[in-house]
Amino acid sequence: MWVRKCLLLLAASVTTVVADDDLSKYALTDTGSTNDGNTFPGVARPLGVVKLGPDLYTGVDAYSGYKPTGNFMGFTMLHQSGTGGAPKYGVVSQMPVVGVVKNPLSDAMNDARAAPDVTEVGYYKASLGSGTVLELGATNKGGMYKYTFPKTDEPRNILVDVSHVLSSYRGQQLEQRFLGGNITVRREGDDPDRFYYTGFGTYDNGWNRAGPWTVYFCGRFDSPSTYKTFLGADFTSDKLVEFSDESTYESDSARLGALFAFKENTVISRVGVSFISADQACSNVDSEIPEGTSLDDVRDETKEAWNSQVFRKVTTKETDVAKLNQLYSALYFMHLLPTNKTGENPLWDSDEPYYDDIFTFWDIYRSWTPLFHILQPTHYEELLRSMIDTWRHDGWVSDARSSFHNGAVQGGSNGDNVFADAFNKGVKGRVNWEDAFASMVKNAEVVPENNDDPRDPTGSTKEGRSALPDWLDLGYITPRFGRSLNDFSIASVALGLGKVPQFLKYYKRSLNWRRHWSRDMKALGFRGFLGPRDESGFIAQDPLSCGGCYWRDYYYQGLPWEYSFNAHHDMDTIIDLMGGPERFVDRLEMTFTPNIVPGNGQFGHTIFNPGNQPSFATPYLYNYVNRQELSVKRSRFIAKSYYRPTPDGLPGNSDAGAMESWLLWSMIGLYPVTGQPIFLIGSPWFSDLTIDLGGGKKLVITAEGADEDTYYVQSLRVNGRDWVKSWLSWGDIFEDGGTLEFVLGDEPTRWTTGRLPPAPASTSAEHARQLLRSW
Ligand SMILES: *[C@@H]1O[C@H](CO)[C@@H](O)[C@H](O)[C@H]1NC(C)=O
Ligand SMILES: *[C@@H]1O[C@H](CO)[C@@H](O)[C@H](O)[C@H]1NC(C)=O
């Protein structure tokens, strides 16, 4: 027995001490937090439910709560990272206020910033105008607030405002609303002077136009206090309850909360959240942050969680700190969303995992999910199972989901691509593929009910593919509808499951994109683009304009020119339609030529837009005609020009880590073709990089001669064999691990002379079948 005890003690000490190989010091947690990157710079564990950080008021939408300017309004437990559209969360708040409080809801509760915030992995510090310093720490479902109040005779208060949410100022009816809640204050144990509070808040709306959802909280203090509760702007004034055992306020809309006043200078508060009950919120915080835990303990445990679960999976002997900053910051920000809410799903009973805050598959299916699969195979399998379980109980695998509600759909049903990517790379585990397939078929066949979103009233933005009526009837999509599709993904899963008739059906449908190819659209000496059409033919369209580029426009967040490269299952057809390999290369070159599109000022006026997903794969498409050296030239230029490990270092919204995953693939020297077990070869950044694939498997990448200006591939050996293809398959290096030995030089070389990457849909159904069977 004593042996076991010793082992347990040992295990406990190992998890709380930050080890020598602390890679977390390289992750700069404010990267991408300004300049529309919208990342969350507060404290969080990998995929943790709690993201504890400040909410700033500047009069414009603060998507992660944070802004580099403005006044603090509160420090809240739930946030998103890197999103746009309209804010979600910013709930379960505490706010320090020094002085006598008359109206707990007045602007006087806001406070200025006295010094720049300090952020690092596991730790956040804010200095307020009142002289108060607030330091934060986080676990999965709990957070720690450590207040150091100024020395003053004024009251030192902590305001708990249950009705606090992040506002939206865009006027699109996407504002979150507080719908009601309660707060109960009780004596802590036998201590006559210490109190804790529990309760819940119910909210709705926000970017995904969610219905009502509820979060429960449990907040404890380590110091004596007095307190008052409030309803609306009024304290219970003469009904002031001091030192009473219990006091409760409840509201179905009026704002409510409590104000605690402390005598001591330093106050620690531990707060837990749950989506099940207030009791569970208490047990979450008590088990994750037991009484007596110090902020240093919480910080060190958080660092170790990041090191062991994320950072140590990718290692290098590189010593250039700026490059290490870029590597580990990108890894950090691709692990803030989605959130693992297993055990916290209030909607249905199930033994399956539950993942929430998917923002959105449209953003993340191209580069994030393929990398997440490699770095986090266990989480990935759980995410797939959660998607299937959501379909079982909620009817759909939607493009997006947050606060337990589907929406908002961007392109269509992009979860289909995630399933196909996983399936074609052999993910099995406990994933029920028959059910996954059934969910894909539902997306492909059942028109979702219109949810009347003013952003796109033509069909559902909650789930499914709203343009299905046209797609099914006509085989193309008229401007009557705004949201579209992914049939090749379904075809590939159907074949793998032995469903040949369905394979043939969806394979055929996956070729219908060709009906949108308008030979008459012209720009910059190139002819033939994806064009809008209706029953009477093509509609006039400039390939270099997407109009408003918004939900109801012909093209969503991308130019017709950009989308015309994007049927990645049918690349040989694209190359043919564009006039053959040389014209294809010319067109790619034009995509990256400066001073072509006046609107794209931030990006040298190129057609290519590094700040959004539709063009993510385009820099690598030269590999489809064996011009790999041009892929290296373009992708390296983009990575070096538009990404920096600085607060303004992202070219657009992080999009739940999508941007950071694109950058990581550039560093690795590969780019995934989602839905196919194929990787296009780029050029790695580091002389050596080792990726832990789990189960003792590794991918070891070396690059002789790698340097700032030396990045063109001269030669490559894969698992010790000379390699002349511009691509690799999953089986080559990921299934059982492998080695990539690059030799890099400063001159572009045409070293790729081998068989071109597969274009599974371009020849015939029989060819596609053989190819898919070989996967
Ligand atoms: C507060 O809400 C919880 C959850 O609905 C409920 O169990 C509790 O009774 C409420 N408290 C009061 C005083 O109404
Ligand atoms: C997700 O959360 C559940 C519940 O906390 C946990 O059991 C599971 O291990 C987590 N998944 C991973 C991959 O850490």
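Note that ligands are numbered from 1 as they come in the structure, with each ligand's atoms numbered from 1 the same way.
You'll find the ring centres of Phe404 and Phe275 inside the 6.0 Å limit. For an aromatic pair to be called close, the ring centres must be under 6.0 Å apart, and Phe359 with Trp207 satisfies this.
Checking atom 2 (O) of ligand 2 against the protein gives a heavy-atom contact under 4.0 Å.
Note that CZ of Arg430 and CD of Glu381 are 7.5 Å apart. Values are rounded to the nearest 0.5 Å.
Here the heavy atom of the protein found nearest to atom 9 (O) of ligand 2 is Glu382 OE2, 4.2 Å. Protein heavy atom nearest atom 14 (O) of ligand 2, with residue, atom name and distance: His379 CE1, 3.3 Å. Counting only heavy atoms of the protein, atom 5 (O) of ligand 2 lies nearest to Lys141 NZ, 4.0 Å. For atom 4 (C) of ligand 2, the nearest protein heavy atom (residue, atom name, distance) is Thr342 O, 3.6 Å.
Sorted by first then second residue, the side chain to side chain donor-acceptor pair (under 3.5 Å) pairs that include residues 365-375, not counting sequence neighbours, are Ser367-Ser661.
A search for salt bridge (Lys or Arg N to Asp or Glu O under 4.0 Å) contacts involving Glu135 returns nothing, not counting sequence neighbours.
Of the listed residues (Thr360, Thr674, Asp399, Asp363), just one forms a side chain to side chain donor-acceptor pair (under 3.5 Å) with Asn414, and that residue is Asp399.
Taking a 4.0 Å cut-off on heavy atoms, Tyr354 fails to register as neighbouring ligand 2.
The atoms of ligand 1 that sit less than 4.0 Å from any heavy atom of Asn182 are 1 (C), 2 (O), 3 (C), 8 (C), 10 (C), 11 (N), 12 (C), 14 (O). Here is the list of ligand 1 atoms found below 4.0 Å of a heavy atom in Phe200: 1 (C), 2 (O), 4 (C), 5 (O). Set against the non-hydrogen atoms of Tyr355, the atoms of ligand 2 under 4.0 Å away are 11 (N).
Side chains of Gln376 and His335: a donor on one and an acceptor on the other come within 3.5 Å.
Where the criterion is an N or O separation shorter than 3.5 Å, residue side chain and backbone included, Asn340 meets it with respect to ligand 2. For Tyr216, no nitrogen or oxygen atom sits less than 3.5 Å from a nitrogen or oxygen atom of ligand 1, counting backbone and side chain alike.
Between Phe419 and Met440, some side-chain heavy-atom pair lies under the 4.5 Å cut-off.
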